[in-house]
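Single-structure report; data block below.
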Amino acid sequence: MHLIKSTSLPVQIYRCCDKLRFVTRYSTATATSHSTIHEEDIKPFHQIPGPKGLYTVPYLGSALQFKPFSPYTINDITTVIDNLKNKYGDIMRLRMGKDYVVYISHPDLAKTVFQYPYQEHVRVGLDIMEVYHKRTGTKKGLSLLQGEEWLALRRPAQEKMLKPTVVADYVPMIGNVTNDFVKRLRQQYTVTDLLEELFKYTTESVGMLCFNKRLGCLDSSPNTKLIKALEDMFTTMQQSFLLPFPTYKFFRTKMYTAFERSQQVLNELSKEDVVGLVTSLFGGGIDSTANGMVFVLTDLALNQDKQEILNQEIQQVLGDQQTVTKEHLSKMSYLKACVKESQRKVFPVLFGAARVTENDLVVGEYQIPKNMLVILNNMCMCKDERFYPDPKEYIPERWMRKYKDETIAKGQDYPFGFKPFGFGPRGCVGQRFAENEIYIGVAKSSEKGLISIIQNFKISMPPGIKEVKHVNRIFTSPLDKVTVLLTERNQFPSI
Ligand code: HEM
């Protein structure tokens, strides 16, 4: 074995038995340190800590983690993973269905897996979508494709969606939608189902992005056909994801036909040649952002002192100007910190980013073979005291550069501890759009001028509510309907 190349990345590449190996060692202490590991010290895959015995049997192994064999249902999957992580450590292997998966719960280990220069970019997609495309012969969306086919679709989408200059176009596009959303809120003041309202807002904003037209979800008599189709799509996707035995693969079950019908409604919105791309953007962009915004707004409602700091930042940056520009957004570091902190506290995606290895990889001291699904366990890392002191507290300051040297901001040294949008070429193509949608939704204006939701309204929770419980679906959602109270700020200039 000999060193063939030193990279600027914190890994070294070795040639051994004609295989490239990425080798990283990490310390469990707070400091991030990397060193190489000798070939003879590398432990084989089967020695990666994880449940043993019957737990290693395909299907049975994962079934044993849930009722009736344990106190947990599939809805408690994050508790199951947390418990296993506490038992087995930062790298563990588990049966998930037929195959093994490897969970990585340390940012330095994650770096090795995610900075690997993947060629095929294999994504493990949702089975129900795969079945649907196979049965109907329709084109697959971006999130399901691999290799050349994926690249051909991803390249133009990325050009349009991820260039920083493109952000400027989103701001006015979302701004008009936000104006209507604020008008709607002004008709209510007590919002009894915040997620449903935000769902309409994100459907309308992503609709502008995908179809460049308003879809009517914020109208007084909203587009019920579309809203129902979207609800059916997300519910059936969720149900299929949790099914222990995927019967819909063999029969056109009731759940499957509801999913298929929802797709047909969405396909009608778009021209056939772009259906694959836009329906995946549209589908990927609504539920994720609406759920994320619920937690941003409720965290601010539960932390009035932070809400006031944000309100002051918005007032200072916007003054009496009529339009939010990207320059304004670039000055709102507290706003961005508030959004990040909500995403950290309630991590938005169950399995976040995951990669299928394209070569043998050495991670930590273990060998991970080719074609293995490796999951970036951000959900655990974000609650980990080692990276985020006082993890249960809502502390936006931990993300601000000016606090970088303070213990509370330790997480800034661990970029892979928090990747809500994934990473690299297969990272979320909607990241910039989603961020702007959230920033502007939280910070932007009314028909009166540039007064944000925060500037317009003081948000609070009904008396006695101290937390918003969540459930880990594909995207993390509030467990129950969330009510928030809005008070016009101009009646109450100070909190
Ligand atoms: C808060 C909101 C969002 C979150 C947390 C989120 C999260 C993610 C994550 C974790 C991935 C996988 C990344 C990886 O494997 O490295 C992903 C992929 C993707 N996201 Fe998002 N997303 C959000 C909003 C959006 C929006 C608004 C859109 C569309 C407008 C979108 C479209 C997509 C698509 C199409 C993919 C697949 C990309 C590919 O496979 O090339 N997402 N998202």
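Atoms considered below: every heavy atom in the structure, side chains included; atoms not considered: hydrogens, waters and symmetry mates. When a ligand or atom number is given, it counts from 1 through the structure's own listing order.
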**OP:** Please list, chain by chain and in numerical order, all residues satisfying side-chain hydrogen bond (donor to acceptor under 3.5 Å, both in side chains) with R135, sequence neighbours excluded.
**Re:** none

Subject >> Single hit among Y394, W399, Y388 for side-chain hydrogen bond (donor to acceptor under 3.5 Å, both in side chains) with E341 >> reply: W399

Subject >> Set of ring pair (Phe, Tyr, Trp, His ring centres under 6.0 Å) partners for F114, sequence neighbours left out >> reply: none

Original post:
With sequence neighbours excluded, what pairs up with Y72 under the side-chain hydrogen bond (donor to acceptor under 3.5 Å, both in side chains) test?
Top reply: N83

**OP:** If the plane angle is over 60° it's perpendicular, under 30° parallel, otherwise tilted; pick one for Y248 and Y256.
**Re:** parallel

**OP:** For E385, look at atom CD and say whether over 12 heavy atoms of other residues, nucleotides or ligands are found less than 6.0 Å away.
**Re:** yes

Identify all pairs of nitrogen or oxygen atoms, one from ligand 1 and one from the protein, separated by less than 3.5 Å, and list them with distances.
unit_1: ligand 1; atom_1: 15 (O); unit_2: R123; atom_2: NH2; d: 2.7
unit_1: ligand 1; atom_1: 15 (O); unit_2: R355; atom_2: NH1; d: 2.8
unit_1: ligand 1; atom_1: 16 (O); unit_2: R355; atom_2: NH1; d: 3.4
unit_1: ligand 1; atom_1: 16 (O); unit_2: R355; atom_2: NH2; d: 2.7
unit_1: ligand 1; atom_1: 16 (O); unit_2: F423; atom_2: N; d: 3.1
unit_1: ligand 1; atom_1: 16 (O); unit_2: R426; atom_2: O; d: 3.4
unit_1: ligand 1; atom_1: 40 (O); unit_2: R123; atom_2: NH1; d: 2.7
unit_1: ligand 1; atom_1: 40 (O); unit_2: R426; atom_2: NE; d: 2.8
unit_1: ligand 1; atom_1: 40 (O); unit_2: R426; atom_2: NH2; d: 2.9
unit_1: ligand 1; atom_1: 41 (O); unit_2: W150; atom_2: NE1; d: 2.8
unit_1: ligand 1; atom_1: 41 (O); unit_2: R154; atom_2: NH1; d: 2.8

